[in-house]
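Report on the structure given below.
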Amino acid sequence: MKINILAFGVTREIFGSGEISLEMTNDATISNLKYLLEQQYPRLKQLSSYMLAVNNEYALPGDTIHERDEIAIIPPVSGG
Amino acid sequence: MNTQILLSAQTLDIQSCINWIMSPESGGIDVFIGTVRNATKGKKVLKLDFEAYEPMAISEMNKIAAQAFERWPVQKILIHHRTGLLQVGEVPVVIAVSAAHRDAAFDACRYIIDTLKQTVPIWKKESFEDGDVWVAAHP
């Protein structure tokens with residue numbers, strides 16, 4: 001399946017775009033996605049931390065990704 | 001409605017926040033106003049640029065308000081946050097809480113700003129004379 005990942009802040013700069021597409025297997029998890037992202041964008045490993053969100057909720061490493069989910073990479077937040 | 005959440009690219013109107021939060025049932029209003037400081041670790045700050053993942057930021061701010069209502073006897077909660085470019089002295093965030101008694105208003109207001117800074121997907125880039133930095137991105 002093809003998934004799209006929204007990116008913000010420093011991760012938008014690392015990806016060079018506010019949205020990227022990746023091909024993944026149908027039963028892929030959040031930790032599979034993190035692994036793939038870090039292979040393609042090694043600068044992610046230099047961040048203090050980052051999370052992934054699925055459909056506007058913070059996701060856990062074991063959560064499964066479904067086609068058409070809205071996925072976003074969330075670098076360390078700094079609002080306020 | 002007892003919660004008002006706003007993400008805006010326009011200047012936040014502090015007086016209208018206070019007008020909305022005031023009510024005859026309240027005995028105390030607590031207002032936190034975040035402002036853009038002119039220096040970070042001794043370096044002069046020129047401006048801040050705020051970016052939000054808007055639908056999730058709104059959803060996370062609503063969750064924080066709901067948690068505050070569960071924990072404290074508060075009456076109304078307002079959270080307004082800016083996006084876009086802000087100059088020194090401008091206001092990125094206003095939080096206002098009303099309660100019958102001041103302790104709940106103070107405690108909930110403190111909880112809301114502290115939690116917002118940890119969980120709401122909003123990012124700021126600080127501009128210095130020698131370049132820009134995404135705050136908290138790197139160790």
Side-chain angles (χ1 to χ4, degrees), chain A residues 3-22 29-31 33-35 37-80, chain B residues 5-8 12 32-37 40 45 48-64 79-84 86 90-95 109-126 131-139:
Chain A
I3 58 159
N4 296 322
I5 299 137
L6 302 171
F8 302 90
V10 69
T11 55
R12 184 169 45 72
E13 293 182 358
I14 291 172
F15 291 174
S17 170
E19 187 167 8
I20 59 163
S21 293
L22 286 177
T29 62
I30 289 294
S31 63
L33 174 58
K34 275 194 158 187
Y35 180 80
L37 286 170
E38 288 177 14
Q39 295 288 305
Q40 294 195 21
Y41 302 95
R43 284 172 62 200
L44 291 176
K45 290 187 258 186
Q46 295 164 8
L47 298 177
S48 308
S49 64
Y50 68 93
M51 299 284 285
L52 287 156
V54 177
N55 301 326
N56 294 309
E57 298 280 346
Y58 286 107
L60 298 170
D63 290 353
T64 308
I65 297 165
H66 305 96
E67 207 165 7
R68 289 188 298 276
D69 278 344
E70 181 171 306
I71 300 168
I73 184 162
I74 311 287
V77 301
S78 53
Chain B
I5 307 283
L6 176 75
L7 257 184
S8 173
L12 300 182
F32 174 80
I33 301 170
T35 53
V36 178
R37 190 178 48 234
T40 290
V45 171
L48 295 183
D49 197 355
F50 285 85
E51 180 176 327
Y53 177 19
E54 297 201 5
M56 184 172 169
I58 298 281
S59 152
E60 288 294 320
M61 288 193 281
N62 272 302
K63 277 188 204 168
I64 296 170
I79 309 174
H80 287 192
H81 204 295
R82 275 297 305 276
T83 57
L86 276 80
E90 285 195 278
V91 174
V93 62
V94 178
I95 292 167
C109 192
R110 176 78 194 229
Y111 172 79
I112 293 165
I113 183 62
D114 288 352
T115 311
L116 179 148
K117 283 173 167 281
Q118 290 165 4
T119 65
V120 178
I122 297 175
W123 300 271
K124 63 176 164 251
K125 190 153 116 172
E126 275 182 318
D132 299 342
V133 177
W134 284 105
V135 175
H138 295 97

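Chain identifiers are assigned alphabetically (A, B, ...) following the order of the sequence lines, protein sequences preceding nucleic acid strands; residue numbering begins at 1 within each chain.
You'll find the side chain of Leu116(B) reaches within 4.5 Å of the side chain of His81(B), heavy atoms only. For the pair Thr11(A) and Tyr41(A), the minimum side-chain heavy-atom distance is 4.5 Å or more. A 4.5 Å side-chain heavy-atom check between Val77(A) and Thr119(B) finds every atom pair outside the cut-off.
For Pro92(B), the part lying near chain A is the side chain, with the backbone staying farther off; criterion is any non-hydrogen pair under 4.5 Å. Using a 4.5 Å cut-off between heavy atoms, Tyr50(A) makes no contact with chain B at all. If you measure heavy-atom distances from Lys125(B) to chain A, the contacts under 4.5 Å come from the side chain alone. Heavy atoms closer than 4.5 Å to chain A are found nowhere in Ala57(B), neither backbone nor side chain. For Trp134(B), the part lying near chain A is the side chain, with the backbone staying farther off; criterion is any non-hydrogen pair under 4.5 Å. In this structure, the portion of Gln118(B) lying under 4.5 Å from any heavy atom of chain A is its backbone and not its side chain. Heavy-atom distances place both the backbone and the side chain of Glu57(A) under 4.5 Å from chain B. Both the backbone and the side chain of Val135(B) come within contact range of chain A, with heavy atoms under 4.5 Å apart.
Listed here is the closest heavy atom pair of Tyr53(B) and Ala72(A): CE2-CB, 3.4 Å. When all heavy atoms of Leu52(A) and Lys34(A) are compared, the closest pair comes out as CD1-CG, 3.6 Å. Heavy atoms only, all atoms of each residue included: Phe50(B) and Ser78(A) are closest at CE2-O, 4.4 Å.
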